[in-house]
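Structure record follows, encoded as structure tokens.
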Amino acid sequence: MDLLFSTLITGRIETDEMGRAAPSPLDGYSPLVIAGCIPLSILLYKYLSGIARYVFWCALAGIGLLMAESYLLYDVPFVYPHVFQKIMVLFTLPAIYGIYTIIGRITLPDLIGMIWIALVLNVSIINPDALSMGAFVNHERGLVASSVYLLVLPLLFHFNTYLQTLKPLQLALFFVAAITILFFQHRTVWVVSVISLAINVILLLGKERQRLSFKALLPLFGIPAIILFLTITTLAVSNPKILTKIADDIADIENHDKQGTGGWRAEQARSYWPFIVDNPVAGMRFRGFELPIQFYDPDQPTLVVFPDGNGHFLHSFYIDALFYFGIIGLILLSMPQLYAGLLLLRRPATDAETLTWCLFIATSLVYGYSYSLPPYFYGLVGFGFYRIKTLVALAATPVPEKEVPSSIVSTTRQDEPAIHYSA
């Protein structure tokens with residue numbers, strides 16, 4: 001979890017005097033954490049179950065096969081650590097799962113409280129210029145996408161908690177999360193948020209329709225409608241550039257492959273696609289690392305975007321996985337998301353925490369369209385699956401009705417059998 005909060009607290013977009021990405025305080029930190037999780041997950045193996053144990057064995061098999069290929073072709077077991085690290089990151093899931101199986105005291109509300117604290121520290125100390133109208137209009141987003149992406153967790157949790165409890169504080173925090181995501185202008189996070197909330201509502205319509213009552217929905221849609229009307233009216237008079245900027249961002253989403261940063265990603269994907277097509281099953285692996293950089297800035301064809309000999313920095317989870325490991329690698333690296341999607345299809349419990357975790361994990365595949373998954377992602381997912389397992393166990397434990405905590409266990413009809421699954 002330290003990596004998660006270090007990323008959020010220090011997650012600042014900076015460039016040096018040449019316009020390139022400036023060094024981050026976390027450079028070199030993620031590989032150390034990932035490497036440490038391998039022996040840790042082995043030591044904690046007896047605490048693993050369900051998806052955590054499956055991911056452990058699949059990651060171990062993947063690393064074993066890469067080591068065998070490395071030794072056969074290069075006479076060394078670890079020829080290119082950059083390639084190994086892309087599979088090794090999976091070990092953070094069983095490692096964190098095992099740690100919190102032992103600790104067993106932290107819940108999602110605790111985590112969300114720490115996310116809010118980390119965000120406040122960032123914008124007040126590390127990045128105080130991020131929250132200004134000038135930064136918004138000039139597209140100075142301040143926070144990196146992986147930091148803003150973390151706010152999807154409080155967005156979903158406060159949304160579901162409000163529908164369950166109708167508490168004004170939860171509604172207010174949901175609006176704060178939504179406005180913050182909107183303000184930092186990472187359009188991929190916008191899309192993830194909208195899709196996650198849409199799936200959330202669809203699931204509630206199928207199982208907990210009573211939560212979507214008029215009493216619950218009126219503040220949820222009425223307050224934003226009033227605020228939006230007043231804001232648009234005010235901005236149209238005082239600062240029309242803001243409305244123009246929002247319209248430009250929406251246009252970038254609609255034309256994601258032609259304009260904005262989406263056009264840059266599309267050009268990169270087109271540069272590497274022929275190699276993916278030629279190696280569809282298991283990718284290029286070490287040959288991919290040795291391949292010269294294929295992507296150049298279309299406006300400056302003589303300028304090398306990334307230097308050779310350092311691996312390929314691909315701005316898409318899918319392109320990265322397919323290029324290095326093919327369809328096999330994509331399935332391997334998507335195991336947690338596919339499992340979370342399966343839980344959603346099997347009608348999971350609709351308590352706020354379980355639903356939030358399942359949606360956050362599954363919709364990371366939407367985030368992965370534009371970005372590689374953050375270094376903290378699989379570790380966070382390990383904690384999420386531990387919490388899902390704990391909540392399912394609590395729901396299956398028979399307790400007197402008056403002692404059932406409504407914020408943890410959802411109401412189940414007596415004539416319907418409880419649905420059990422392991423995480």
Side-chain angles (χ1 to χ4, degrees), residues 21 27-28 30-31 34-35 37-38 55-93 146 257 261-298 301-338 364-375 377-378:
D27 285 348
S30 300
I34 292 169
C37 284
I38 297 176
V55 169
F56 172 84
W57 282 111
C58 288
L60 196 63
I63 294 297
L65 291 173
L66 284 177
M67 289 179 64
E69 182 181 10
S70 175
Y71 191 79
L72 287 172
L73 298 180
Y74 302 92
D75 294 325
V76 290
F78 286 94
V79 61
Y80 298 129
H82 177 85
V83 179
F84 281 91
Q85 184 182 325
K86 294 181 179 296
I87 300 297
M88 290 165 59
V89 69
L90 288 171
F91 284 102
T92 60
L93 191 157
S146 58
D257 60 339
T261 53
W264 189 93
R265 294 187 184 95
E267 185 65 30
Q268 186 184 55
R270 282 192 290 268
S271 300
Y272 284 90
W273 189 250
F275 300 96
I276 294 173
V277 173
D278 291 341
N279 303 272
V281 178
M284 295 190 70
R285 303 178 306 285
F286 302 123
R287 291 184 296 117
F289 184 88
E290 295 170 343
L291 186 74
I293 298 297
Q294 299 297 305
F295 173 63
Y296 299 86
D297 189 334
T302 60
L303 176 65
V304 178
V305 179
F306 300 113
D308 290 333
N310 293 278
H312 301 263
F313 301 91
L314 302 172
H315 278 253
S316 170
F317 166 72
Y318 297 98
I319 298 298
D320 189 60
L322 289 170
F323 174 73
Y324 278 106
F325 306 112
I327 296 174
I328 293 175
L330 180 62
I331 294 174
L332 175 63
L333 293 169
S334 302
M335 283 180 62
Q337 296 94 319
L338 296 175
S364 65
L365 292 176
V366 179
Y367 179 87
Y369 177 80
S370 297
Y371 294 98
S372 295
L373 296 178
F377 176 75
Y378 288 102

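As a basis for the values below, the full set of heavy atoms in this structure was taken, side chains included, without hydrogen atoms, waters or symmetry mates.
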I need the [X] [atom1] to [Y] [atom2] distance, nearest 0.5 Å.
X      : Y      : atom1 : atom2 : answer
Arg287 : Glu290 : CZ    : CD    : 9.0 Å
Phe91  : Phe56  : CZ    : CZ    : 6.0 Å
Leu373 : Ser334 : CG    : OG    : 8.0 Å
Ile87  : Ile34  : CD1   : CD1   : 11.5 Å
Tyr378 : Met88  : OH    : CE    : 14.5 Å
Leu90  : Cys37  : CG    : SG    : 11.0 Å

task: Would you please classify the geometry between the Phe286 ring and the Tyr80 ring as parallel, tilted or perpendicular, with 30° and 60° separating the classes?
output: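 If you compare the ring of Tyr80 with that of Phe286, the planes turn out tilted.
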- request: Check the angle between the aromatic planes of Phe78 and Phe84 and answer parallel, tilted or perpendicular using the 30° and 60° thresholds.
  value: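 Rings of Phe78 and Phe84: tilted, 30 to 60°.
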task: Output all residues satisfying side chain to side chain contact (heavy atoms under 4.5 Å, CB included) with Ser370, sequence neighbours left out; order by chain, then residue number.
output: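 So Ser370 forms a side chain to side chain contact (heavy atoms under 4.5 Å, CB included) with Thr188, Arg265.
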message: Quick check against the 3.5 Å criterion: does Tyr272 have a side-chain atom that pairs as donor or acceptor with the backbone of Asp320?
response: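 The answer is no, because no donor-acceptor pair under 3.5 Å joins these two groups.
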With a 3.5 Å cut-off and sequence neighbours excluded, list the donor-acceptor pairs that the side chains of residues 59-73 form with protein atoms.
residue	atom	partner	partner atom	Å
Glu69	OE1	Arg285	NE	2.7
Glu69	OE2	Arg285	NE	3.1
Glu69	OE2	Arg285	NH2	3.1
Ser70	OG	Val76	O	2.5
Ser70	OG	Pro77	O	3.3
Ser70	OG	Val79	N	3.1

message: Using every non-hydrogen atom in the two residues, find where Leu365 and Tyr318 come nearest and quote the distance to one decimal.
response: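 In this case the closest contact between Leu365 and Tyr318 is O-OH, 2.6 Å.
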message: Can you give me the closest heavy-atom contact between Pro375 and Val89, atom names plus distance?
response: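 In terms of heavy atoms, the two residues are closest at O-CG2, 4.4 Å.
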By ring-ring contact (aromatic ring centres under 6.0 Å, His included), which residues pair with [X], not counting sequence neighbours?
X      : result
Trp273 : none
Phe325 : none
Tyr367 : Tyr149, Tyr371

query: What residues, two or more places apart in sequence or in another chain, satisfy side chain to side chain donor-acceptor pair (under 3.5 Å) together with Thr92?
result: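 Residues passing side chain to side chain donor-acceptor pair (under 3.5 Å) with Thr92: none at all.
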query: Below 4.0 angstrom, N of the basic side chain to O of the carboxylate: do Glu267 and Arg270 qualify?
result: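 Salt bridge: yes.
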message: Ring centroids only, cut at 6.0 angstrom: are Phe275 and Tyr324 within range, meaning strictly under it?
response: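 No - the distance between ring centres of Phe275 and Tyr324 does not fall below the 6.0 Å cut-off.
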